[in-house]
Each structure stands twice: as C-alpha cells, then as structure tokens.
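Note on naming: letters A, B, ... go to the chains in the order of the sequence lines (proteins, then strands), and numbering restarts at 1 for each one.
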Amino acid sequence: MALSGMRGLSVFISDIRNCPNKEQERLRVDKELGNIRTRFKNEKGLSPYEKKKYVWKMLYIYMLGYDVDFGHMEAVSLISAPKYPEKQVGYIVTSCLLNENHDFLRLAINTVRNDIIGRNETFQCLALTMVGNIGGREFAESLAPDVQKLIISSSCRPLVRKKAALCLLRLYRKNPDVVNVDGWADRMAQLLDERDLGVLTSSMSLLVALVSNNHEAYWSCLPKCVKILERLARNQDVPQEYTYYGIPSPWLQVKTMRALQYFPTVEDPNTRRSLFEVLQRILMGTDVVKNVNKNNASHAVLFEALALVMHLDAEKEMMSQCIALLGKFIAVREPNIRYLGLENMTRMLMVTDVHDIIKRHQAQIITSLKDPDISIRRRALDLLYGMCDVSNAKDIVEELLQYLSTADFAMREELSLKAAILAEKFAPDLSWYVDVILQLIDKAGDFVSDDIWFRVVQFVTNNEDLQPYAAAKAREYLDKPAIHETMVKVSAYLLGEYSHLLARRPGCSPKEIFSIIHEKLPTVSMSTVAILLSTYAKILMHTQPADPELQNQIWAIFNKYESCIEVEIQQRAVEYFALSRKGAALMDILAEMPKFPERQSSLIKKAEDVEVDTAEQSAIKLRAQQQQTSTALVVADQSSANGTSPVNQLGLVKVPSMSSSVDHNSTDPGMAQPNGTLTKVDPQPQPPSPSPSPDLLGDLLGPLAIEGPPVDGESEQNVVSGLEGVAAVDAAAIVPVTVQTNAVEPIGNIAERFHALCLKDSGVLYEDPYVQIGIKAEWRGHHGRLVLFLGNKNTSPLVSVQALILPPSHLKMELSLVPETIPPRAQVQCPLEVMNLRPSRDVAVLDFSYKFNTNMVNVKLRLPAVLNKFLQPITVSAEEFFPQWRSLSGPPLKLQEVVRGVRPMPLLEMANLFNSCHLMVCPGLDPNPNNLVASTTFYSESTRAMLCLSRIETDPADRTQLRMTVASGDPTLTFELKEFIKEQLVSIPIAPRPPAPVPPTPSVAQPVPPAAPSNDPGAMLAGLL
Amino acid sequence: MGIRFILMVNKQGQTRLAQYYEWLTLEERRALEGEIVRKCLARTEQQCSFVEHRNYKIVYRRYASLFFLVGVDNDENELAILEFIHLLVETMDRHFGNVCELDIMFHLEKAHFMLEEMVMNGCIVETSKSNILSPIQLMEKMS
C-alpha cells in the first residue's frame, strides 16, 4: 500500500505501528530523525521526491508528540519547488510545523506572493491556504491588497476566491491596523450576490468578522443575508452537492443566521417580514426524524434560528414559542438535544426577561441536575443559577444543597459557591441564609472557601436579631459526631460571641458550651486552635461571676499553650491568661465585636472575576452586556427586576447604629476593628502593632488576639508551612482513589496493598470475589514496565472489562490493549509502559471496571509507579560525598526541615526503611552514630540521572522528631524527595474510614518545644563540613 | 474563530491525525491531547457528544475504533460541528471506500489534503464532497 510511491514512509509508519512499546517507538523515531538529519546535511544529493518523503516523516513524528527541531528549512524550501506535489507538501507541512513568527517564514514571502499573483490557480490555492492558516504581520503587510483583489476578481474561479476570503479574514483578524477594509461594505455586498455556495460559505465567515467589529458600515449586507437564507430555506437553486441529507447546506444556513445576530435589529419592514417568515418556517417545520444525521443537521439550523429569534426579541409570541420548544427539548431522551435545550435556555435568560416562563420548567431542570452526564449536569446548574430569584431561591438552593452530597468532586466547589451566592442574594429571611451556609459547610466543608464562612459571621455580627438564632444553630451542629473543621471554626466563633444569649437553654451553660467545643480541639489545625482560644477567653468573660472550676480548666489550657511552637497561639495564650486574671475588668476588655463595615460580598466579586475570565466577545454576550439583565451578579437594583423590596436582601443590609465611639476609634474602615481595649491593657507584652489588614481574615481572626498581630502574613504562613505535608496528603485524598459504591466488596485492604507495592515490585493490587489484579514491575532508569495480571476468578466470563490509566502530568503511561472479555478462570497480561518525565509525588490511577451480572463494578486504584521506583541506590565514598554536599549549598537545591511527629523507630529500622525505598544508607560517612546519610540516583527525562544526597539527624532523647536535609541538583527534585521521605517517616497506618481510604496522614504537628540547637549533633557536623 | 483543532484518536488514545488552527507548543499539544482523550474516551454512548473543557468545548463522534474530536469556541453551533465531522468521514469514505484507521495512518497526507480543502483558519471553506476531493483526484491523475 505504497502511497504516491512513498514506500519509505509506509515502511516507517508500519515500523512505528509494530513497536511493542513506547520505548521501542522512541528508539525507532530517534533512528529515523538521525537518518533524516544526515540526509538533509548533504542536501545536494536529495531529489525532490526524497525531500518530500522526509518532510512527511517529520510531520508524522511531530504528530506522535516528538520534538522535531530541524528540517524546517527543508520544509519551507519545498514551497519554491516548481512541481505541484512538492510544493503542496511544502505548504501543508510548513503550516503544521511552524508558527506565525518563525523566521524561516519570512524567507518564503516572495515565493508565496508570486504564487498568489501567478496564473496557476492550484498554486494560488495552496499559498492562500497557508497564509490563511499561519500568516502573520509581514504577510498582512505585503499580501493584503493582492488577496483583496482576488476575492472580487471576476476572472478568478470560485475555488480561489473562497480561499482568498478566508485568507483575508486571518490577515484582518490578526492585524486590523495593517489591513485596510474601508469601503469593503460594497464589495462585501457584491460578494453576497455570488451564487456559488462554497464562496458564500467562506464569505459569510469573513462578514461575521467585519460586522462584529463595525456593524454600522455593513447595513447593506443585511438584506442580502436574508436573501441567502430564504434561498436555502426554500431550497431554491441549491446544487445536490450542497444538500446534506436533504437539507440545503446547514452550515451556510447556520453561519448566515450567525452573521445576522451581529446586527442590533432589522429595521426595514420588508426584510424583517421575510426573515421572520423564514424563521417561523424553521421553528415550525423542524420535525424529529429517524435518520440521525438529518435530525442533527435540521436541529443545528433550528437552534441557530432560536438564537436569532432571541436576539431580535421579536413579538412575544415567537419568544414563547421558542421557550415551548426548549421546554420540550430539555425533556427528550436524546442527550445532545437535552444539553442544547438547557444551554439555550440559559442564553435566553441572558438576553431577555423570560424568567416567569422558564420557571415553569423548573422541575425538569432540577431533574437534569441528576443526569448521568456531567456535561448536562453542568448546563442544568448554570441554568438554575441563572433563573434563581426571590420567588424560587428557597427551592433551588435546597435542591443544590441536596445535590451537593452526591455531586462529583469536579463540581462541588462551583456548586457550593453558587449556592452561597444565591442564598445571599435572594434570602427571604436571614435565618434561612444562616441555615443554608451551615448546611453547606456541613455537607461539603472541603469545598467551602473561607470567604463563605467569613461572610456569614459578618451578617450575624451586623444583625442583632440573628445572633441568638445563629448561636443556637451552631450549638446544634456541635452535637454531631464528626464535623468539618470549618464548622468547628464558625461554631466556635459564633458561640464565643453569642453563647451567653443562650445561657438559659438546656445544654448551653458556659461550662457545657466550653466542654463541647473543647472536645474538638485535639483534631483541629493550628489556625483553628487560635480561634478556639479566643472563644475560651470570651466564654470566661461572659461567665460573671466567675465559675472557679471553669476558670481553672481554661487557665490550664492557656498555660499549656504558652509554650506552643506557633507564635500566634503562644501569644494568644499568654495574653488571654494575663487578661483573664483581671476579673470583672475583663468585661470591658473583651467586649463584643463591633459591627463590620458594609462591603460588597467577596463571593460575588469572585464569581464576577470568573465571568470576566471566560467572557468572550460573542454575539450573545455583547447583547447581554447591552441589556444588563437580572442574572448579572450585581446586588443592587435587584428589586426592580424581581419586583420585591430590597429590604430582604442581604447585600443591602444596613448597619443600624454604627456606634459613634467606633467611628471615632477607627479611622480606616478597612482596618481590623479595635475592640476598644488597646489603651486599657497593661502594656506588659510587646507593644501593640497596628495591623492594617483590610482582608476578611484580618477581620475575623485579628481583632480577637488583643494585641497580637492578626493572623495574616507571616504567622499564617507558618501555619501553612508547618502543615504542608498534611495539606498535600489531604489534597491527595481527593484524588479518586476510592472504591465507589459497588455491589462487590474488595478482599483485603486496598490502601495497604498499594503501600506494600510501593516497596516491592510484585504482588496483588486489588482483589474481589470475581477478579484479581496482580502487578509485576521492572524499572530501568526513568522507564518502567508494569504488567497487569487480570485474573477472572469466576466460572463465567467477565465482560465489559475496561482499564483506563489516568496518569499524573509527570508520567507518560501507555497501557496495551485490554480485552473486553476475560474467559472463565483465565488470566490476561496487559503490559503498561511508564516513563518518568520529572520529579513529582503525584500518583497514577487505574480506572478499572467490569460487568458482573447486571452490576457495573468500577474501582479506581492507585498504581505503584511512585517516586522511589525511579531511584537507584548508589554507594558513595566520603571523597565523592563531601564535595557534592558542599557544592549544593542552601535552598532551593538543599533543603532542611525539622520533622515532628515521626513514627518512633530504632535507627536500624529507619535505615532499613530507607534502603527499601532505594535510598542507600552509607554507614560511616557521618561521625555521629545517631545520624543517617543516604544517597541515591533519581531518573527522569528532565533531570536525567541525578545524584541525591540526604542526611537525617535524630535525637536519641526524642525519637519523634528529627532534622532532615536533602540535596540534589534540581530544586523540584529536592523538594519532592524531601516530602517523600517525610511521608515515609511520619506515616501512621490508620484504619481507612469509609468512604475514602485516606492515605496515611502525618500527625499534625504536636505542640513540641523547638529543638534546642545547642548540643545538636547536626550543628557539630555542619561545622565539620 | 470557530474550530480550534481537529484530532483523530484511536481507542487506545493514540493520535492518528492532529490539525491545530491556533499555535500550541508541542508540550501544550501533548498535555491537551492527553486530557481530552482521558475525558472523552471514557464517556458512554448514552452521554451527549459535547464535553466542556477549559474555556472551550469538544464536539466528538466515534466511528468504530476511531474518535473524531473537534475543539470549538463556546458559542459555536455544536450540532453543525457534529455533522461536519460526519461530512468529513463521508468524504473520506468516498475517497477510500469505507475509510478505516489504517487508511488515515498510511495516507496521512491525503487526510491532510482533504481537511485542508474543508477547513481553513478554523472556518469551514467547502462542504461539497466533489469540490473537496477534486485536487486529490487531480494529483492522482498526474502521478
């Protein structure tokens, strides 16, 4: 099957196809590239045929994803070849391989121009196409007039003119300042009189570009577009070749209606009547037919007609007809039509006020929120968000909340943000708003950003009526067995401020409140501990006369945290302790928080930012901007759109009485509000540091730490960096490593199996009553070959078997074909090639599914292609080690960290652990017997083989902490390796809790006093080195 | 612009043809192809033919072992693109006679010639099969 006689190319493609794995493919490609390079070096001996062949090979290799960094000149030079086949290759390959700014293109401008103005129309077409695809500024400067001439030339055949039109489109779009289109309106109008549908198709694209830029100039084209549309809709004079499944060029129809959407209105009554007749015919006359292609094509036209009707905003009859159609579409079985129905309803909301009619379909839209297809769910969410107003907010938000617990991770963040915004914008009463946000935190705490809970605190603080209610709600949530840390934060804050309002209710005495909050303390992070300490101080303050028992309890906690490693916590503990000894005077000092200054919701701002990011200058959006409708995320002026008074709206809540004293005290409204205490405090601790922190975090966390700097900047970073390991692991927990709700139970612990396989190269990855997946792996340098053994344990075949690899970005993975059926009691082997591109700890996931009876079983399994698999132990001598160690001085190549919460183990065990991770412990290098030095080589494509050195200094008196130093020639590698070692050292195998077997979590930094550096053996060695 | 890229990818996720109408570096292409393939190939027949990805959409269609994936702007007419894919396949059918993955692999240049006659700079140029195929036929006559 030689193609155009290029046998060598066919052979090469066959070779590539027969490569059993990626490595072989790369070898074959490298060989070929070497070959081409040599051939190109003595270019004189190359025939045009050979050149052509090599250039195609280059394109093929490039398409496979390999860099081809030479031979561009040869490709470009083919453009000047005298014969069509070579020239054609030159043009096509050049436009695939080169970008518009490539220097070589400049060399070809003259040839290209000669081809364009020449007489050979096939050459003209080739040249116009290339310029149309990659022509840059210089092409625009030298070719635009010639191209413009061709478009309207009467001596040119349609095949040239259609290409010239799109070529001009590119030149104009890229460089509107260079290409002069003044006076083009007439020519455009003339062009639209053309009969050839190919020329019309391209001209219509050109028209869209011109009109979208300046519709005023192109009024004369409007009636012509309507004429074209009429001709097509009535199927007059449309050649068979342009009829697609009985529909006259659906693409030209769509494009023409798109062009019409860039004109604001149709003024001429006759044109308008003609247009509406056509639209009416399309709207009424599109039936559902059996043939899929015909159906799609006619609906493509129909949806475009709907868009045009929406735009022209016609008589309301046609509009309601549109909505009726869309209402029908969102309920059909065909998923494409359902998707488009929802999408177009959302667009309709953007351009006209049709809320009331669309609301009739609310139930159906809510059903779509549970569609099995995520594309459709996203459309439904967008539409619900857009159609929400005061009248249906309660229903919609409650649906969103309900959906939140089952929604996929990919959607949860967006979902919670949208629910929070809607609750804020349209709350019928404030207690409902508080309910919604607390539910949101309860159901999807991980996806609720801080601004959401900051906002609810602001509202409660600013609305006295709301305070007892919010406090009672917070108290209720604390009774739940396992609550999200964000819930701990918000409840602790609210109860600290307002729990005294509940004092008479059962279970709400200060003591009870304190003890239920304090229960949560061992499980929370440092930033939350800070809030809890403030809450305790507030509880003490509200308990007057003092309850000695409670007081002693709280004082004991303050005492404990006085030596906390976190400076923020330490300071709070010290200050609260000192303050709370002042007895009744505490009342004045720890007063209630003043009201927050009014500001725009940061959530709404956030959503607006997102909108701006994705905003495109499309017809529909331009139109929407002009009309500024009710779905726009502006809190103000909602009332008119919704016909309700603004009083209910949270965004407009007034601060009833900003006490004048507060006004006096705070000059900067953005600044953290002082509590009126600073002056009264015994200036025992450090001088107060005023903190101009306009951010919300400062508002909420800052003021309570009476004199301390608010938790921002540095101290916040401390919290974060101290927990980095945790955060990373937490994030990893979100990776779908869970076994979804399947009908079959796995045998054995999946997480344990994975961890075992991280340290050895063969074993069982997964097993359930029907299937067993084993793994055998071989690693060489940055390559790896895993074989998956899929075994059917049944006596009947396993069907619909599917295995999909979801590789992280740093791994290139290729899984060979997995058979769809595994015969009874059989085992199939599926090789999986792995290539490591760069250092990273991310993990690849195997998405494996099969069918058993009628149940689909799907598991997502982490694959043990982890960082240490690309390590090769290496012994280094002192002569090699020390110069290397010294030359890698300091961050980012050498990183040091004190690790706490280490799983205590004898030194020997630690050395074994290192060796099993391929980090070779080199005894004798470090004079201190309590220290370990290990070396290894890491392999990846980006780093090649790279030596890594590490040193662990342990403290025989406290095995739970150590100091670790890691060095290599690559900053990312150093960091990743350091984190990796840390994970190994601090991992505590915990029972996986349903539903997600969480990877080992390093214990949260315990409040341990900082290591005394004085007799630190490491310091001594450091001096030595 | 309309069409941003056209990909033909087989069931195993191997790219058989890639034509981009905006410049992406090799790295970006590899990443994009990987992400898209992962997203689209896992979908079932019962799901719709549109997948939202980053700030654009993929309209895709499967023919036996081969997936045709077209990246388009968000406001593009999805069904028109879906049928445009079919038109492309029919055009290839007319030329190769029941086109298959191997035809495209071993006649990559012809596939490119056809595409070049159909799409330019992300816009549709021609939808008449005989017009699309005439340059190829001309060339075959010549050689």
Practice prompt. Report the option among A:Gly65, A:Ser205, A:Ser202 that has the most heavy-atom pairs separated by less than 4.5 Å from atoms of chain B.
Written response: A:Gly65

Item to complete: Determine the option with the most heavy-atom pairs under 4.5 angstrom with chain B, choosing from A:Ile376, A:Asn293, A:Leu804, A:Thr129.
Response: A:Asn293

Response to the item:
Ranked by heavy-atom pairs below 4.5 Å to chain A, first place among B:Leu41, B:Leu79, B:Ile81, B:Leu17 goes to B:Leu79

Worksheet, complete the sentence: Ranking A:Pro239, A:Ser249, A:Ala165, A:Pro807 by heavy-atom pairs under 4.5 Å to chain B gives rank one to A:Pro807

Worksheet, complete the sentence: Note: vs chain A, highest number of non-hydrogen pairs under 4.5 angstrom among B:Lys11, B:Glu116, B:Arg16 is B:Glu116

Item to complete: Mark yes when over 12 heavy atoms from residues, nucleotides or ligands other than A:Gln802 sit less than 6.0 Å from its CD; otherwise mark no.
Response: no

Worksheet item: Do B:Leu138 and A:Thr122 have side-chain heavy atoms sitting under 4.5 Å apart?
Response: yes

Worksheet item: Quick one: what part of A:Leu302 sits under 4.5 Å from any heavy atom of chain B, side chain, backbone, both or neither?
Response: neither

Worksheet item: Taking all non-hydrogen atoms of both residues, which atom of B:Glu52 and which atom of A:Arg378 are closest, and how far apart?
Response: OE1-CD, 3.6 Å

Fill in: Rounded distance (nearest 0.5 Å) linking atom CD of A:Gln88 with atom CZ of B:Phe113
3.5 Å

Discussion item. Tell me the closest heavy-atom pair linking B:Leu108 and A:Met63, and the distance in Å.
Written reply: CD1-SD, 4.2 Å

Worksheet item: Considering only heavy atoms, which portion of B:Ile124 lies under 4.5 Å from any heavy atom of chain A: side chain, backbone, both, or neither?
Response: both

Worksheet item: Can you tell which of A:Asp847, A:Val254, A:Ile92, A:Leu64 has the highest number of heavy-atom pairs within less than 4.5 Å of chain B?
Response: A:Ile92

Worksheet item: At what distance, to the nearest 0.5 angstrom, does OG of A:Ser14 lie from CE of B:Met105?
Response: 7.5 Å

Worksheet item: Under 3.5 Å, side chain of B:Trp23 to main-chain N/O of A:Glu100, donor-acceptor pair present?
Response: no

Discussion item. For B:Leu87, which atoms come within 4.5 Å of any heavy atom of chain A: side chain, backbone, both, or neither?
Written reply: both

Worksheet item: Do the side chains of A:Lys812 and B:Arg30 get nearer than 4.5 Å, heavy atoms only?
Response: yes

Worksheet item: How long is the span from the CZ atom in B:Phe84 to the OH atom in A:Tyr244, to the nearest 0.5 Å?
Response: 10.5 Å

Fill in: Heavy-atom check, side chain of B:Pro135 versus side chain of A:Tyr84, under 4.5 Å
yes

Worksheet item: Checking B:Glu78 side chain against A:Leu340 main chain: does a donor-acceptor pair fall under 3.5 Å?
Response: no

Fill in: salt_bridge(B:Glu117, A:Lys163) N-O dist < 4.0 Å
yes

Item to complete: Check each atom of A:Ser203 against the heavy atoms of chain B and say whether the ones under 4.5 Å are side chain, backbone, both or neither.
Response: neither

Fill in: Which atoms of B:Ala31 approach chain A - backbone, side chain, both or neither, heavy atom under 4.5 Å
neither

Response to the item:
On a heavy-atom basis, the closest approach of B:Asn77 and A:Glu304 is ND2-OE1, 2.9 Å

Worksheet entry | Inter-residue atom distance A:Ile134.CD1 - B:Asn121.CG, 0.5 Å rounding | 11.0 Å

Worksheet item: Would A:Asp373 and B:Arg43 pass as an ion pair if we require N to O under 4.0 Å?
Response: yes

Worksheet item: If you count the non-hydrogen atoms of other residues, nucleotides and ligands that lie under 6.0 Å from CZ in B:Arg94, is the total more than 12?
Response: yes

Fill in: Heavy-atom proximity to chain A below 4.5 Å, by part of B:Gln19
side chain

Worksheet item: With respect to chain B, which residue among A:Leu815, A:Asn296, A:Ile337, A:Asn133 yields the maximal number of heavy-atom pairs within a distance under 4.5 Å?
Response: A:Asn296

Worksheet item: With a 4.5 angstrom heavy-atom cut-off, which part of B:Arg54 approaches chain A: side chain, backbone, both or neither?
Response: neither

Response to the item:
Turns out that what part of A:Cys125 lies under 4.5 Å from chain B's heavy atoms comes down to neither

Item to complete: Using non-hydrogen atoms and a 4.5 Å limit, figure out which bit of A:Glu343 sits close to chain B: side chain, backbone, both or neither.
Response: side chain

Fill in: Which of B:Gln12, B:Glu90, B:Lys57, B:His86 touches chain A most, by non-hydrogen pairs under 4.5 Å
B:His86

Worksheet item: Mind checking whether B:Gln47 and A:Asp371 have side chains closer than 4.5 Å, heavy atoms only?
Response: no

Discussion item. Once rounded to the nearest 0.5 Å, what's the spacing between atom CD of B:Glu83 and atom NZ of A:Lys294?
Written reply: 12.0 Å

Response to the item:
From the list A:Val131, A:Leu169, A:Leu166, side chain to side chain contact (heavy atoms under 4.5 Å, CB included) partner of B:Met120 resolves to A:Leu166

Fill in: Side-chain donor/acceptor of A:Asn336 to backbone N/O of B:Cys48, under 3.5 Å
no

Fill in: Under 4.5 Å from any heavy atom of chain A - which part of B:Tyr20
neither

Item to complete: Please round to the nearest 0.5 Å and tell me the distance separating atom CD of B:Glu109 and atom CG of A:Leu59.
Response: 10.0 Å

Discussion item. If we ignore hydrogens and angles and just use 3.5 Å, is the side chain of A:Glu241 paired with the main-chain N or O of B:Lys129 as donor and acceptor?
Written reply: yes

Item to complete: Could you verify whether a donor N or O on one side chain and an acceptor N or O on the other, from B:Asn131 and A:Tyr242, lie under 3.5 Å apart?
Response: yes

Discussion item. I need the residue from A:Ala297, A:Pro250, A:Cys96, A:Ser95 with the largest number of non-hydrogen atom pairs under 4.5 Å to chain B.
Written reply: A:Cys96

Fill in: Mutual orientation of the aromatic rings belonging to A:Trp56 and B:His112 [parallel < 30°, tilted 30-60°, perpendicular > 60°]
tilted

Discussion item. At a 4.5 Å cut-off on heavy atoms, which part of B:Glu35 comes close to chain A: side chain, backbone, both, or neither?
Written reply: neither

Discussion item. So A:Leu159 and B:Glu126, do their side chains get closer than 4.5 Å, heavy atoms only?
Written reply: no

